[in-house]
Protein chains: 2
Amino acid sequence: MTRGTGRGGASPAPRSVDVARLAGVSQKTVSRVFNDEQYVSADVRRRVLEAAEELGYRRNNAARALASGRTRSIGVVTLGTALYGPASLLMGVERVVRDTGYALRVVNTMEGDPAGIAGAVDSLLDQGVDGIVVSEPIDELAAGGDTALRVDVPVLVLGAPSPVVAPTVLTAGDGADLMARAATEHLLDLGHATVHHLAGPQAWYAARDRLDGWRTTLTAHGRTVPPVVEGDWSAASGHAAGRELAADGDVTAVFAANDDMAIGLMRALAEAGRRVPHDVSVVGFDDVPVAAYVTPPLTTVPQRFDAVAQEGLKRLVHAIENPDAIPLPASDPPVDLVVRASTAPPPNRTAPVRGRAAASRSRSAAPTAPHANGGRPTPN
Amino acid sequence: MTRGTGRGGASPAPRSVDVARLAGVSQKTVSRVFNDEQYVSADVRRRVLEAAEELGYRRNNAARALASGRTRSIGVVTLGTALYGPASLLMGVERVVRDTGYALRVVNTMEGDPAGIAGAVDSLLDQGVDGIVVSEPIDELAAGGDTALRVDVPVLVLGAPSPVVAPTVLTAGDGADLMARAATEHLLDLGHATVHHLAGPQAWYAARDRLDGWRTTLTAHGRTVPPVVEGDWSAASGHAAGRELAADGDVTAVFAANDDMAIGLMRALAEAGRRVPHDVSVVGFDDVPVAAYVTPPLTTVPQRFDAVAQEGLKRLVHAIENPDAIPLPASDPPVDLVVRASTAPPPNRTAPVRGRAAASRSRSAAPTAPHANGGRPTPN
DNA sequence: TTGAAAGCGCTAACAT
DNA sequence: ATGTTAGCGCTTTCAA
């Protein structure tokens with residue numbers, strides 16, 4: 001537990017020379033010890049460490065950065081929301097970054113922020129980071145009118161193709177289209193004629209990806225592609241969209257681009273007297289912690305934020321430390337739907353329902369429908 | 001839109017001397033311009049800015065920090081979770097920090113992390129931050145066995161009393177007990193004989209605060225204080241606790257320490273055949289975005305994360321920049337409950353219910369109970 | 001209003 | 001295995 005004593009406002013912080021003097025070695029040797037370089041005898045190392053401990057020495061990172069040209073820090077550009085996706089990704093990133101010995105600097109972008117991602121990246125560059133992570137970018141670069149931002153450190157983009165130009169650009173977690181496919185196919189397999197989509201804001205790559213996956217799947221199966229309803233990720237927008245969808249008797253299955261919207265949607269359906277999953281099936285995306293506990297428990301596509309962050313950062317750090325090596329290849333995590341109680345076969349396979357509530361009230365009114373897990377929530 | 005051109009791997013980054021030479025001034029003058037110091041003629045300023053633009057100059061922060069002894073950065077210690085509270089607070093902090101011109105460094109602590117908060121603070125100190133924000137600390141310092149960590153920069157603690165010793169320690173957002181009181185009194189006002197509490201993990205100051213507020217309120221009203229059930233903030237733990245509470249026919253009102261647990265709790269009650277709010281009223285805490293859209297819409301105590309972060313940081317920055325001045329006073333934001341449809345008078349005022357479901361089925365089975373907002377979700 | 005000189009505390013390169 | 005010598009690019013004196 002080496003821990004600074006905190007000089008009580010008095011004497012200035014000790015420097016490596018002070019440690020060197022006390023240990024009877026040169027400054028360079030102190031540097032060697034603290035950088036874990038080789039060629040330091042066990043005895044000298046011990047003496048240096050003791051001297052440092054005694055003085056309460058901690059090395060000055062600014063001086064280190066200035067002399068070495070590296071800050072040993074990684075910057076993250078993330079969206080200024082507490083949305084489950086971005087927040088989880090950020091936490092995952094922090095964890096891995098710390099493990100790799102880098103410091104983390106964070107800059108937010110807000111939707112509608114004029115400076116946008118370019119401004120955020122720019123400010124990180126000002127701070128002198130060694131690498132940059134752009135998490136879940138939305139595209140507003142076009143609005144800037146400026147040419148695409150050029151960056152001279154490696155960049156990792158999470159959940160999207162890259163919005164910047166850099167010598168090394170890596171991506172991870174951009175397989176949302178495949179996951180959307182799994183969701184859509186699940187509903188088709190249950191017998192639904194087609195699947196409606198409650199999309200996320202189309203400025204987000206992540207939202208477009210999910211929409212693409214959904215559309216492609218329907219087309220591949222020869223189904224009609226119904227008009228898209230767009231939300232803003234919030235439960236409130238899902239609720240608003242749900243009122244529209246509830247009014248359309250043809251809607252028997254909806255794939256929502258995230259769980260929050262799915263929850264708002266289910267609420268609107270309930271208010272309109274359309275039961276989930278009996279009349280309408282709903283699939284979400286993310287697997288937020290409450291998903292298993294809403295009514296009915298939500299079938300959804302879990303995202304593996306930790307895995308994505310870890311995988312991506314491993315490659316980013318590799319790129320930072322081996323500028324001339326070939327970047328490590330990406331490997332996307334597998335897709336697996338979590339089936340709970342918000343999905344079921346359509347109300348009437350042969351005669352599509354027209355108007356609301358035709359031939360319903362037949363099955364149990366309990367919100368937890370029959371399924372693999374019998375309506376019992378699945379903690380995850 | 002001053003933006004680095006990104007030298008294509010070739011020429012080294014321009015320094016302030018280069019700019020000075022091109023502008024025909026001294027290095028110091030360039031420094032003056034970039035630091036917005038006074039005593040620079042408009043003409044010289046313009047020439048310097050042009051030269052800088054032309055060269056794609058951006059100043060070196062490491063050198064700046066080394067020369068000035070200040071990093072112009074603030075460190076945040078936060079919990080490594082995507083929990084709504086901590087995540088929202090972090091986002092709020094980032095927003096304000098950026099506005100004040102400081103950079104943000106983030107370090108997580110995980111529950112059960114041996115190094116804990118002390119280790120996190122220590123690593124920020126290593127990075128040379130000018131101030132530290134500790135968000136929603138849990139207490140594990142005792143476990144370290146070490147004396148309390150001493151820090152020589154100002155510290156702002158969010159949502160708790162301070163776990164560290166520093167020359168300046170500020171706190172903000174630690175009024176959870178008052179908010180818990182509002183929740184408890186709301187239920188008593190509805191006529192409930194007493195209120196049960198589904199608490200958060202007691203290692204968290206925030207959880208203990210809410211529990212204290214609840215207990216104090218019951219005592220002040222002369223009510224019996226029922227045994228506490230403890231969860232871990234998750235909907236899953238709320239669900240588990242809910243099974244217990246549902247089995248106890250005396251339970252007519254529960255105050256949960258956060259919304260996620262309240263949602264899990266409501267699910268468990270529904271599964272047990274106890275209707276919310278008809279048989280049991282539930283109040284949450286936080287006002288997460290989905291709270292208005294679960295079934296039934298949840299009555300809860302909203303937290304004003306942005307206000308807390310803003311208020312706290314204003315004071316922290318003041319303390320950093322005026323080390324010898326008296327710290328600015330705290331001002332806690334007001335409390336206001338959001339009443340939705342998960343609370344109602346107890347099922348039978350005069351004869352307490354024994355066993356389950358006595359005298360129920362009387363009111364509408366619709367989950368949205370009668371209330372100010374008529375069961376219509378209130379977007380926030 | 002501007003400039004010259006002297007470090008800030010470390011690491012890099014080259015001895016030894 | 002250890003020491004010496006130069007800077008890294010800026011801000012801080014102090015002069016002018």
Side-chain angles (χ1 to χ4, degrees), chain A residues 4 7 11-49 51-52 55-73 101 103 125-128 130 321, chain B residues 4 7 11-49 51-52 55-73 101 103 125-128 130 321:
Chain A
R7 40 221 62 72
S11 54
R15 297 150 303 153
S16 64
V17 239
D18 301 321
V19 175
R21 196 149 31 215
L22 183 59
V25 299
S26 76
Q27 192 189 26
K28 175 67 222 189
T29 298
V30 174
S31 166
R32 282 204 178 90
V33 170
F34 276 87
N35 289 314
D36 274 322
E37 286 174 32
Q38 48 183 357
Y39 303 134
V40 203
S41 70
D43 179 55
V44 168
R45 156 168 270 111
R46 194 183 41 69
R47 261 165 44 220
V48 168
L49 256 16
L55 261 29
Y57 170 72
R58 75 193 333 150
R59 69 190 155 178
N60 182 319
N61 254 288
R64 230 154 96 80
L66 179 56
S68 68
R70 292 182 45 202
T71 57
R72 280 149 246 259
S73 69
L125 255 18
D126 264 351
Q127 294 180 47
D130 294 337
E321 294 177 352
Chain B
R7 39 222 62 73
S11 54
R15 298 150 303 153
S16 64
V17 239
D18 301 323
V19 176
R21 198 150 28 215
L22 183 59
V25 297
S26 76
Q27 191 189 27
K28 174 66 223 191
T29 297
V30 174
S31 167
R32 284 205 179 87
V33 170
F34 275 86
N35 288 314
D36 273 321
E37 288 175 31
Q38 47 183 358
Y39 302 134
V40 205
S41 69
D43 179 56
V44 169
R45 156 168 271 111
R46 193 183 41 68
R47 261 163 47 219
V48 168
L49 257 15
L55 260 31
Y57 170 71
R58 74 192 337 149
R59 72 190 153 177
N60 181 320
N61 255 288
R64 230 153 95 79
L66 178 57
S68 69
R70 291 183 45 202
T71 57
R72 281 146 246 257
S73 68
L125 254 20
D126 265 350
Q127 293 180 47
D130 295 337
E321 295 178 351

note = Quick tally for nucleotides 4-16 of chain C: nucleotides whose base has a protein heavy atom under 4.0 Å get B, sugar-phosphate-only ones S, the rest -, giving B--BBBBBBB---
note = Those residues at least two apart in sequence (or on a different chain) that pass salt bridge (charged side-chain N to carboxylate O under 4.0 Å, His left out) with B:R64 are none
message = Any heavy-atom pair between the side chains of A:R45 and A:D36 that's under 4.5 Å?
response = yes
ask   = Do A:L49 and A:R46 have side chains that get closer than 4.5 Å, going by heavy atoms?
value =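 A:L49 vs A:R46: side chains apart.
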message = For A:V33 and A:R47: C-alpha separation, side-chain torsions, deciding distance, then whether side-chain contact (heavy atoms from CB on, under 4.5 Å) applies.
response = CA-CA 10 Å; A:V33 170; A:R47 261 165 44 220; over 6 Å; no
inquiry  = Nearest 0.5 angstrom please: A:D126 CG to B:R58 CZ, how far?
reply    =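 It is 4.5 Å, given to the nearest 0.5 Å.
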inquiry  = I'd like to know whether A:D18 forms a side-chain contact (heavy atoms from CB on, under 4.5 Å) with A:L22, so could you lay out the CA-CA distance, the side-chain angles of the two residues, the decisive distance to 0.1 Å, and finally the verdict.
reply    = CA-CA 6 Å; A:D18 301 321; A:L22 183 59; over 6 Å; no
ask   = Can you pull the contact range of chain B along DNA chain D, 5' to 3', using atoms under 4.0 angstrom from its heavy atoms?
value = D:dG9 to D:dT12
ask   = Has the side chain of B:R32 got a donor or acceptor atom that lies under 3.5 Å from a matching backbone atom of B:E37?
value =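 No, the answer is negative, given that no donor and acceptor are paired below the 3.5 Å cut-off.
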